[in-house]
Q: 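The structure is given below, and queries will be raised subsequently.
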Amino acid sequence: MLDKEAIAKRIAKEIQHNSYVNLGIGIPTLVANYIPKNIAVCFQSENGLLGMGPFPKEADVDADLINAGKQTITMLPGAALFDSAMSFGMIHAQKIDLTILGAMEVSENGDIANWKIPGKMVKGMGGAMDLVASAKNIIVAMQHVNKNGESKLLTNCTLPLTGIRCVKKIVTELAVLAVLPEGGFKLLERAPGVSVEDIKKATLGKLIIEGEIPEMAFD
Amino acid sequence: MLDKEAIAKRIAKEIQHNSYVNLGIGIPTLVANYIPKNIAVCFQSENGLLGMGPFPKEADVDADLINAGKQTITMLPGAALFDSAMSFGMIHAQKIDLTILGAMEVSENGDIANWKIPGKMVKGMGGAMDLVASAKNIIVAMQHVNKNGESKLLTNCTLPLTGIRCVKKIVTELAVLAVLPEGGFKLLERAPGVSVEDIKKATLGKLIIEGEIPEMAFD
Amino acid sequence: MMINKQVKNAEAAIDDLNDGQTIMLGGFGLCGIPENCIAALVKKGVNNLTCISNNAGVDDFGIGLMLHQKQVKKMIASYVGENAEFERQLLSGELDVELIPQGTLAFRCMAAGYGMPAIYTPAGIGTEVAIGKEVRNFNGKDYLLETAFNADFAIVKAWKGDTAGNLIFKATSRNFNTVMAMAGKITIAEVEELVEPGQLDPNQIHVPGVYIHRIFQGSHYEKRIEQKTVSK
Amino acid sequence: MMINKQVKNAEAAIDDLNDGQTIMLGGFGLCGIPENCIAALVKKGVNNLTCISNNAGVDDFGIGLMLHQKQVKKMIASYVGENAEFERQLLSGELDVELIPQGTLAFRCMAAGYGMPAIYTPAGIGTEVAIGKEVRNFNGKDYLLETAFNADFAIVKAWKGDTAGNLIFKATSRNFNTVMAMAGKITIAEVEELVEPGQLDPNQIHVPGVYIHRIFQGSHYEKRIEQKTVSK
């Protein structure tokens, strides 16, 4: 079983050289800490920044420079600022190569629900619906089961959708899975110490297991 | 009969305090020379400038600073630069109060033709179709008749249209005329030395003459 | 002579902003919000407003101050988390809330500023956001038709401005301020530093003055930070 | 590590630009045109191109150089005056020409850069530009539906750029260069001055590097003036 940092570390391996990446709030934000030095990557913050850097030193905190999670941040050399329209324009024009975000549910055809629980507080979708409607590649970082022990990998989502047929890959504390174009969660890797049987038990949607499933490598 | 400078001078009187104005090529460009000192006006050049100033001194000529007629120009204090999309965006959003442009023909319902003569060279409409489709107020500066002595104020335009039902006022070497919402050229002023009869002869479309027609005043 | 948009202060700028009107408020979270104008709106006590803004402030700052006084009838936003009074008014039915995707919010402002009556966006396809909206397929992909906003006032906050109305923003405080500035029937800009025409580089202006109807230099900016995060 | 878009020169930048492709070329008149890339296209002799550009250059400069070599099959532009060879090819039927309103040209580029499949514009309503196009009424006004451009390459010219692809333009040479830069499937930027990341103020960048695929510092800019006008 992986902790949040390990999930982020595993996802970091998915990031390709020379790519533009949008990181959602939560585990996705941690991914930035695990990018290998030899990989050129540029992080977009959808409130209007490309080239987002780490959190600032106390003395460098600037109220006018925040990320989409409202956290104070810094800019790296080569950063560019723009407005919200251009930001979502570049998202819709697929200039962002990879989006990593959290989810409450993912269905076996790649639908995602992550913005609303009816009857409970609704905080709003923010930029998530734009990101999932347009991203070339979407990786979901989430726990395999919810607090009640119920699978979050379903045949169909039960919560209001954020987007349809968009998730390409899922990394959980138990496994790495691809969402196949024809539907189904294809098991790619097991977390250390996790058996295929454990993953089967935690997955309600169609799980596809072909051949030996390797354990995740982290090097 | 007015010369080109006098037509420009008469049109300059139409420009209101605190207005944004787009001037077309030809006579309209001359209008800028006759704005009273107490009138605040800002000229837009649709290639990307608000706050266009006079032509530069020889030493200040800059190939990167031209107007929509490709002439070298200057910027006034308070000028702003932008791209072609924003430029036409502000035109379509009616942020420009007045457009002054030339025409080959105007019809009595306010249609305008000024971009193409079939069979002859077609230079293109440039920004004219955008301007006439959106401007709050359009004044046409032109000769009353063409080189063959034919009226350019018609019942219907014969040349390919640039826009429909858009011209509000016309200033020619003979007269100032309003295009009425219900159709028709309403004669407002005569040029010095020009009779109502002269204007009647030169106008093919519906001419509306009510009461005494004053001679233009210039001061 | 350059057109002069300067007004004395926030009170003068919002003097004719009345009950029942629709207003846009720039900012993302508490970053780049028009603090002076919000304070003036609270003081003026104008009511039954429809507010278009990415967020609704927090309990005791930003639009939260207006919510506290129940000045807002309807809120159009993309994210409204972290605001207990907002939640209470939403659940009690006092407040009408329309949540829309953040890009849709930006594009509906931009459409207004560009004279486009509507735009197409893929955001929300297949979700409850699409309910009742026109869906159209272009090149194999579905899009929603979303209409331009129609706001009586847009209220934005810039870093620098000149009396001709030209604006320059700093860092990520630009966010929705540009597109909203372009979208208002009347646009009010408050700036940290107001200068004379000619003091700003025309090449660096983010919003040309033609979009701005009133401008003033604000004061006492608090610029509250929602999530102060630092690295050691 | 920042993504590096630098290529050696114009020849390297257009190396895989092939016969029959659609290319956008920035500039208004001869102001802000990608002189180095045009020279390289002429030298390479690539043919049957569809060119999208506001103008077609003059007889012996700009796109006129490509017309002279008959490299252009189709020209999409808003204004093509003052070009005798262009006129000859148009009248002889050698050249296919599509004239569109200047705003429509800008918006069809912008649509591509913003992921919008189409936009609505009032320009051309009631004219021959509207023939065969969908007309739709919004709020009592008619608009034409115009689709986003789909260009294999966009070639633009900026004043300053960094190796991450960020661009800054000077004065009115910005024109179509920004929206075309955002619209190309592959975008090439030539700049007068290429600097390292961190040398440009992030607040002043007109086109973020994410839109740029290749960038190089051009040389020997002629920057010809079409209409030199001076005051005494």
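Proteins come first, then strands; the chains are lettered A, B, ... in the order of their sequence lines, and each starts at number 1.
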Q: Can you say whether Pro56(B) sits under 4.5 Å from chain D via the side chain, the backbone, both, or neither, judging by heavy atoms?
A: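 When you check distances to chain D, atoms from both the backbone and side chain of Pro56(B) fall under 4.5 Å.
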
Q: Are Lys116(B) and Glu128(D) ion-paired here, with the side-chain N under 4.0 Å from a carboxylate O?
A: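 Glu128(D) and Lys116(B): salt-bridged.
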
Q: I'd like to verify something: which residue of Ala63(B), Gly126(B), Ala133(B) has the highest number of heavy-atom pairs under 4.5 Å with chain D?
A: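 Of the candidates given, the most pairs with chain D belong to Gly126(B).
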
Q: Using the benzene-type ring in the case of Trp, are the ring centres of Phe107(D) and Phe88(B) under 6.0 Å apart?
A: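 When the ring centroids of Phe107(D) and Phe88(B) are compared, they turn out to be at least 6.0 Å apart.
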
Q: At a 4.5 Å cut-off on heavy atoms, which part of Asp111(B) comes close to chain D: side chain, backbone, both, or neither?
A: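 No part of it gets close to chain D.
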
Q: Given heavy-atom pairs under 4.5 angstrom as the criterion, report whether the side chain, backbone, both or neither of Glu192(D) touches chain B.
A: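 The side chain, not the backbone.
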
Q: Report which part of Asp142(D) has an atom under 4.5 Å of a heavy atom belonging to chain B: side chain, backbone, both, or neither.
A: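 Contact with chain B involves no heavy atom of Asp142(D) at all.
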
Q: Any idea which of Gly29(D), Pro101(D), Ala106(D) has the most non-hydrogen atom pairs under 4.5 angstrom with chain B?
A: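 Greatest number of close heavy-atom pairs with chain B: Pro101(D).
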
Q: Might you point out which heavy atoms bring Ala123(D) and Thr104(D) nearest each other, and give the distance in Å?
A: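 Where Ala123(D) meets Thr104(D) most closely, the heavy atoms are CB-OG1, 4.1 Å.
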
Q: Taking side chain as everything from C-beta outward and backbone as N, CA, C, O, which of these in Ala79(B) sits under 4.5 Å from a heavy atom of chain D? Side chain, backbone, both or neither.
A: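 Contact with chain D is absent: no heavy atom of Ala79(B) under 4.5 Å.
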
Q: Would you mind checking which part of Ile225(D) comes under 4.5 Å of any heavy atom in chain B, side chain (CB onward), backbone (N, CA, C, O), both or neither?
A: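 Only the side chain of Ile225(D) comes within 4.5 Å of chain B.
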
Q: Taking only Lys NZ, Arg NE, NH1 and NH2, and the carboxylate oxygens of Asp or Glu, determine whether Asp62(B) and Lys223(D) approach each other closer than 4.0 Å.
A: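 Here Asp62(B) does not pair with Lys223(D) in a salt bridge, since their nearest N and O are not under 4.0 Å apart.
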
Q: Going by residue number, which parts of residues 17-27 of chain B are within reach of chain D, meaning a heavy-atom gap below 4.5 Å?
A: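 The residues closer than 4.5 Å to chain D amount to none at all.
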
Q: Considering only heavy atoms, which portion of Leu30(D) lies under 4.5 Å from any heavy atom of chain B: side chain, backbone, both, or neither?
A: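 Contact with chain B involves no heavy atom of Leu30(D) at all.
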
Q: CD1 of Ile96(B) to CG of Leu131(B): how many Å apart, nearest 0.5 Å?
A: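 Atom-to-atom, Ile96(B):CD1 and Leu131(B):CG are 8.5 Å apart.
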
Q: About how many Å separate CE of Met110(D) and CE of Met116(D), when rounded to the nearest 0.5 Å?
A: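 CE of Met110(D) is found 6.0 Å from CE of Met116(D).
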
Q: Which answer fits Lys232(D), side chain, backbone, both or neither, if we ask what part of it has an atom under 4.5 Å from a heavy atom of chain B?
A: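 The answer is the backbone of Lys232(D).
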
Q: Between chain D and each of Thr72(B), Asn47(B), Leu161(B), count heavy-atom pairs under 4.5 Å; write down the option with the most.
A: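 When all of Thr72(B), Asn47(B), Leu161(B) are compared, Thr72(B) has the most.
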
Q: Flag the one option from Asn175(D), Thr121(D), Asn177(D) with the top tally of heavy-atom pairs under 4.5 Å to chain B.
A: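 With the most close heavy-atom pairs to chain B, the winner is Asn175(D).
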
Q: Do you know which of Arg224(D), Gln227(D), Lys228(D) has the most heavy-atom pairs with chain B at a distance under 4.5 angstrom?
A: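 Ranked by contacts with chain B, first place is Gln227(D).
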
Q: Using the six-membered ring of Tyr221(D), assess whether NZ or CZ of Lys157(D) lies under 6.0 Å from its centre and within 45 degrees of the ring axis.
A: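 Geometry flag: set, cation within 6.0 Å and 45°.
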
Q: When heavy-atom pairs shorter than 4.5 Å are enumerated against chain D, which of Gly48(B), Pro54(B), Ala68(B) gives the highest number?
A: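 When all of Gly48(B), Pro54(B), Ala68(B) are compared, Ala68(B) has the most.
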
Q: What distance do Asn109(B) atom CG and Cys166(B) atom SG have between them, rounded to the nearest 0.5 Å?
A: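 SG of Cys166(B) is found 9.0 Å from CG of Asn109(B).
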
Q: Would you give the length of the straight line joining atom CZ of Phe169(D) to atom CZ of Arg174(D), rounded to the nearest 0.5 angstrom?
A: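 So the gap between those two atoms works out to 8.5 Å.
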
Q: Between Val179(D), Thr229(D), Thr172(D), which shows the greatest number of heavy-atom pairs under 4.5 Å with chain B?
A: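 Of the candidates given, the most pairs with chain B belong to Thr229(D).
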
Q: With chain D, which of Glu46(B), Arg165(B), Glu58(B), Met86(B) has the greatest number of heavy-atom pairs at distances under 4.5 Å?
A: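 That would be Glu58(B).
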
Q: Quick one: which of Val61(B), Val132(B), Ile73(B), Leu49(B) has the most heavy-atom pairs under 4.5 Å with chain D, could you say?
A: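 Highest number of heavy-atom pairs under 4.5 Å: Val61(B).
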
Q: Could you give the distance from CZ (Arg108(D)) to CD1 (Ile119(D)), rounded to the nearest 0.5 Å?
A: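 Here the rounded value is 8.5 Å.
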
Q: Would you list the pairs meeting side-chain hydrogen bond (donor to acceptor under 3.5 Å, both in side chains) in which at least one residue belongs to residues 82-92 of chain B, sequence neighbours left out?
A: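 The answer is Gln44(B)-Ser87(B), Asp83(B)-Thr178(D), His92(B)-Asp130(B), His92(B)-Ser134(B).
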
Q: Which atom names give the shortest non-hydrogen contact between Leu95(D) and Lys74(D), and what distance separates them?
A: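 Between these two residues, the closest heavy atoms are CD1-N, 4.3 Å.
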
Q: Can you tell me how far the CG atom of Leu154(B) sits from the NZ atom of Lys206(B), to the nearest 0.5 Å?
A: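 Atom-to-atom, Leu154(B):CG and Lys206(B):NZ are 15.5 Å apart.
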
Q: For a quick test of reading the model, state the closest non-hydrogen atom pair linking Ile7(B) to Met142(B) and the distance between them.
A: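 Closest approach of Ile7(B) to Met142(B): CD1-O, 4.3 Å.
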
Q: For Thr162(B), which atoms come within 4.5 Å of any heavy atom of chain D: side chain, backbone, both, or neither?
A: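 For Thr162(B), backbone heavy atoms alone lie under 4.5 Å from chain D.
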
Q: Is any side-chain N of the basic residue among Lys169(B) and Glu14(B) closer than 4.0 Å to the acidic one's carboxylate O?
A: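 So Lys169(B) pairs with Glu14(B) through a salt bridge.
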
